[in-house]
Amino acid sequence: MANVHPSRRLRIMSIVGARPNMMKVAPLMAELRLHEEIQAVLVHTGQHYDYSMSQVFFDQLHMPHPDYNLEVGSGTHYTQTAEIIVRFGELVQQDRPDMVLVAGDVNSTIACALVAAKERIPVAHVEAGLRSFDRSMPEEINRILTDAMSDLLFTTEESGNRNLANEGIAPGKVFFVGNLMIDSLVRALEMARESSLRSELGLNAQRYAVLTLHRPSNVDDGDRLTRTLDAIAQIAQRIPVLFPAHPRTARNIAQAGLKAVRTWEGGEIAEPALWMMPPASYLDFLGLLQRAVMVITDSGGVQEETTFLGVPCLTYRENTERPVTVSMGTNKVVGCDPQRLLHSALAVLENPGQGRSAPVRPPLWDGQTAPRIVRILREYWHSHS
Ligand code: UD1
């Protein structure tokens, strides 16, 4: 057991808001709770609120019930971010932590970091330094500003260290610790293998691909979404493409009335097609990824998970803020042209072995990132209190 701080416990408030925060914060909460000198408080902003976008991740990642839920819900970027600032600001007035820990690049991340920085509460940022160099992505603005406000910056890959140095962040604040998402993945792999979804779909012995799409730039314009899904439907003539759809994407598909997409209503998949399904739980999704022939995505985290698993990934974006997944991993950034995506996907299908053998794992993606972070948080506390 850790030494107990001579005066009082370190009260750390960790923030989750959106789905991708959950798998980063869960292993950290578990590790923080091992230390008697630390009081770990969990705040959910409520940015994501559907069962399938939030609670199911709490359950499967064994995350404690949040101590506070700010219940902000959806809105424009401005109203959502502003509402989180107001509600989190009120919370820290009543229950002031010694440190605020934020993860990733979502609106909840920047909003809570801003409140803490203004309150002179030290901010720790998990997944710092990633840059797409594309400011049309809302997440890029969130990343740059969160890093500028943070006191402790935890990076997942070397590019993060370089980017932060280029932005003039003092090297003493930056710690290369590896990838917390991979901590969750390593812990969940066995259970994910047992996931029943693949059997329910009748895909244990069949080849299939997985698709995720949710970026506004890919899904908010009806014409573009139609062209993209028409191209993917051509791939889906060869193998089933499973498409667990984000609520934003599902709504836009419903509005556009797209014929390229078939809706899965349970049971075995009878034929190759582009099968849209509800958002998958964490374990079901990992279970699907593990055996996929190929993954097409515009997500950030999925690029990392496929690299770790050695599954070929085609990223349907012009850039990636996670270059190590390309330089060492299985990721290929194919751009945003549907025909190019089609061409690249067919190439993967024709060379099925590519990218599958013995995955190369980026440095420190070893499932031990949470203990590294907690060690640094404790040292910081001891030297600043
Ligand atoms: C957010 C993150 C994005 C991350 C993604 C993962 C920002 C800027 N973006 O995008 O980086 O990759 O989460 O999912 O923070 N909705 C529901 N139920 C929910 C949540 C959302 O129906 O539980 C719908 C709402 O109609 C909402 C829309 O999805 O308007 C978008 O949600 P929002 O939180 O604004 O951003 P995401 O697109 O999910």
Side-chain angles (χ1 to χ4, degrees), residues 15-25 44-59 61 66 69-85 87-88 102-114 125-128 130-132 134-147 156 181 184 210-221 225 243-255 276-282 285 295-306 313 315-317 319-322 325:
I15 314 295
V16 293
R19 181 169 61 178
N21 298 147
M22 315 290 178
M23 38 303 245
K24 292 160 201 164
V25 172
H44 192 340
T45 64
Q47 177 175 345
H48 284 177
Y49 44 84
D50 285 356
Y51 175 79
S52 62
M53 298 293 285
S54 175
Q55 186 57 43
V56 67
F57 292 86
F58 272 76
D59 297 345
L61 291 158
N69 191 327
L70 306 180
E71 294 180 347
V72 293
S74 299
T76 65
H77 279 265
Y78 318 112
T79 54
Q80 188 179 60
T81 308
E83 200 56 50
I84 300 169
I85 291 172
R87 295 188 194 189
F88 188 60
V102 294
D105 55 16
V106 303
N107 288 338
S108 301
T109 311
I110 186 176
C112 294
L114 178 60
H125 183 206
V126 164
E127 205 183 82
L130 297 180
R131 297 289 182 268
S132 64
D134 172 4
R135 291 202 184 195
S136 69
M137 277 179 88
E139 293 84 357
E140 182 75 352
I141 311 283
N142 292 348
R143 290 181 200 117
I144 295 168
L145 296 180
T146 302
D147 285 339
T156 53
M181 260 193 112
S184 282
V210 173
L211 168 70
T212 81
L213 280 183
H214 75 281
R215 297 226 161 262
S217 57
N218 280 333
V219 303
D220 282 359
D221 178 291
L225 185 59
F243 181 23
H246 184 290
R248 166 205 288 283
T249 312
R251 201 176 45 225
N252 293 346
I253 288 173
Q255 269 165 12
M276 185 168 80
M277 47 185 58
S281 73
Y282 184 55
F285 188 69
V295 175
I296 299 170
T297 191
D298 62 5
S299 149
V302 175
Q303 297 171 49
E304 299 184 332
E305 288 165 339
T306 45
C313 176
T315 295
Y316 190 54
R317 287 173 40 186
N319 47 55
T320 179
E321 62 288 332
R322 293 161 159 89
T325 61

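Note that this is a predicted model, so its numbers are computed, not measured. Counting convention: from 1, in listed order, for ligands and their atoms alike.
Less than 4.0 angstrom separates some heavy atom of Q80 from each of these atoms of ligand 1: 34 (O), 35 (O). Set against the non-hydrogen atoms of V106, the atoms of ligand 1 under 4.0 Å away are 2 (C), 7 (C), 11 (O), 15 (O). Taking every heavy atom of R248 and a limit of under 4.0 angstrom, the matching atoms of ligand 1 come to 29 (O), 31 (C), 38 (O). Interface of R251 with ligand 1, defined as ligand atoms under 4.0 Å from a residue heavy atom, comprises 25 (C), 26 (O). Using a 4.0 Å cut-off to heavy atoms of H214, the atoms of ligand 1 that qualify are 4 (C), 5 (C), 6 (C), 12 (O). The atoms of ligand 1 that sit less than 4.0 Å from any heavy atom of E139 are 3 (C), 9 (N), 11 (O).
Selection from R143, M137, Q47, E140 by nearest heavy atom to atom 34 (O) of ligand 1 gives Q47.
Salt bridge E127/R322: present, at least one basic N to carboxylate O contact under 4.0 Å.
Nearest protein neighbour of atom 27 (C) of ligand 1, counting heavy atoms only, is S74 OG, 3.3 Å. Scanning the protein for heavy atoms near atom 22 (O) of ligand 1, the closest one is P247 CB, 3.2 Å. Atom 17 (C) of ligand 1 has Y49 OH, 3.3 Å as its closest protein atom, hydrogens excluded (heavy atom only). When hydrogens are left out, the protein atom nearest atom 29 (O) of ligand 1 is H246 CE1, 3.5 Å; that is the closest non-hydrogen contact.
Contacts between H48 and ligand 1 below 4.0 angstrom, taking non-hydrogen atoms only, involve backbone and side chain alike. At a heavy-atom cutoff of 4.0 Å, ligand 1 is contacted by the side chain of P20 but not by its backbone.
Between the side chains of Q303 and T297, no donor N or O sits under 3.5 Å from an acceptor N or O. Using modelled atom types, one finds a donor on one side chain and an acceptor on the other under 3.5 Å when comparing Y49 with S74. Judged by distance alone, the side chains of S132 and E140 do bring a donor and an acceptor atom under 3.5 Å apart. Checking N319 against D134 by side-chain atom types alone, a donor-acceptor pair falls below 3.5 Å.
For the pair D298 (side chain) and R317 (backbone), a donor-acceptor distance under 3.5 Å is absent.
Between S108 and G17 the shortest heavy-atom distance is OG-CA, 3.5 Å. In plain terms, the two heavy atoms of R248 and D220 that are nearest each other are NH1-OD2, 2.9 Å.
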request  = Could you check R87 against E83 for salt bridge (charged side-chain N to carboxylate O under 4.0 Å, His left out), going step by step and ending with a plain yes or no?
outcome  = CA-CA 6 Å; R87 295 188 194 189; E83 200 56 50; 2.9 Å; yes

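Of the polar atoms of N142, none of the N or O atoms is found under 3.5 Å from an N or O of ligand 1, judged by distance alone. For ligand 1, the polar-atom distance check against D50 finds a nitrogen or oxygen pair separated by under 3.5 Å.
Between F58 and H44, the angle of the ring planes stays under 30°, which puts this pair in the parallel group of the 30/60° scheme.
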